[in-house]
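Hydrogens, waters and symmetry mates are skipped; everything else that's a heavy atom, side chains included, is used.
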Amino acid sequence: MRTIFHNIGSIQTMDENNSLLEGKSIIVKNNIIEDIVDSIEEFESSDVEFVDVREHAIVPGFIDAHNHLVWAGDRFNEHRLRMQGNTYADIANMGGGIMQTVHSTRNATDEQLHTIGMQRLKQALQNGVTFLEAKSGYGLSTREELRLLNIVDRLKSESNVPSIHSTWMGAHAVTPDHTYASYTEEILSDQLPKVLDSNLAESADVFCEPGWFSIEQSEDILRASRDGGLDLRIHIDEFTDGGGGELAAELQVRTADHAHHTPSDTRQKMNDAGVMTGFLPGTPYCNGDAWPDFNEAIECDIQFTLATDFNPNCFINSIPFIGSLAVQRNGMDPYHALSCVTRMAAQSTPRSDGLEHGVIKKGAVANFNILKSRHWESWCMTPSSSPVQSVCLEGQHIEF
């Protein structure tokens, strides 16, 4: 059975030729784009489902390359604390921050966390996300981190929600009964080996920042993770230049995220080493900090992604809103911003089946968004609502 999407206004393919197509139809078979054609007259209606796009624009499905999907509770009181002059570290020392979320998450049942995850995945899909990276990191013990990874694994098997790249982030912070030194030792001797045995994670991530995991601790955890077969990601330089960019370049991790205070020469060194910079503009937006200079990165040919960083301190589960921040508040071209949440994000967050995604082309996975407008630029121009009318998700047409 084929599905043919026709009467399309335009297709922003994001392929290697930067093609903007008009007057074309997309033929989908199973979960693959079988072809992009001029005419559909040869196809019989008996074995084809036709979807009239009504001259609206189509763009690739968005890829959220940095998302803390599964956790319980909320910390909406903390913004007022920051307004009163308290830092991220101050709030953590007051019993807030990550530890408060860890407490709420540990007290939630598996079913409660699964339901929370499903709700967030459905919301992400309605905002056009067809694939996302989901981190653990709010368990902070071997048992609790494995529990979160298991819940993410259950979510992977659900239908009509975005596909998931699973990241273990046990090295997110420490509980009061640990120092960073003692917890790092526990991670290396117990937690990581059990995570590897479980086969529940595809990547490892570490919060490498002054006051959290040191350069040396981060390196030990990441090297052991790579030796165990995991892909590498890293949080760096969110609050200050802590040297994480140098480590990212040395280890040639797949992506180094936040990177808001990474020096330009270090960012270039990362790029030369094949490291993707992962910018998260929602975080400074929520915290009232300055944004990185995205256009300077473009001018320097730095490859980077944009993602939500959805978490209790950055409650943004909308890639289009992130695009709005980049375009309408930071002067990025809508095309460059779209590449950051599609083609570039696919490089930092690959599919486990090896299929190409983040583009609309023959042979790629059939993940794309039908927008509410005939203009493809609308994808990032409606910050208070979703620009997406319907989604083709793994070959299935889903209307909202």
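In this model, a donor atom of one side chain and an acceptor atom of the other lie less than 3.5 Å apart for H397 and S390. For the residue pair Q123 and N317, a side-chain donor N or O sits within less than 3.5 Å of a side-chain acceptor on the partner. A side-chain N or O of N18 and one of Y335 form a donor-acceptor pair less than 3.5 Å apart. Residues E133 and T167 bring a donor and an acceptor atom of their side chains to less than 3.5 Å of each other.
Side chain of R75 to backbone of Q100: no donor-acceptor contact under 3.5 angstrom is found. The closest donor-acceptor contact from the side chain of R351 to the backbone of H165 lies at 3.5 Å or more, if one exists at all. Proximity of a side-chain donor or acceptor of T308 to a complementary backbone N or O of N67 within less than 3.5 Å is not detected. Of the possible polar contacts, none joining the N287 side chain to the D289 backbone as a donor-acceptor pair under 3.5 Å is found.
Centroid-to-centroid, the aromatic rings of H235 and H260 stay 6.0 Å apart or farther.
In Y285, the OH atom is not crowded: 12 or fewer heavy atoms of neighbouring residues, nucleotides or ligands sit closer than 6.0 Å. Within 6.0 Å of the NE2 atom in H6, the count of heavy atoms belonging to other residues, nucleotides or ligands exceeds 12.
Partner L393 forms a side chain to side chain contact (heavy atoms under 4.5 Å, CB included) with one of N369, L125, V365, V129 and no other, that one being L125.
Among residues two or more places apart in sequence or in another chain, the side-chain contact (heavy atoms from CB on, under 4.5 Å) test is passed with R329 by W291.
Among residues at least two apart or in separate chains, side-chain hydrogen bond (donor to acceptor under 3.5 Å, both in side chains) pairs with a member in residues 113-122 are H114-E158.
Listed by chain and number, the hydrophobic cluster partners of I33 are F5, I8, I11, L21, I26, V28, I36, V51, V53, I58, I360, F368, I370, where partners are ILVMFWY side chains within reach of under 4.5 Å, directly or through others.
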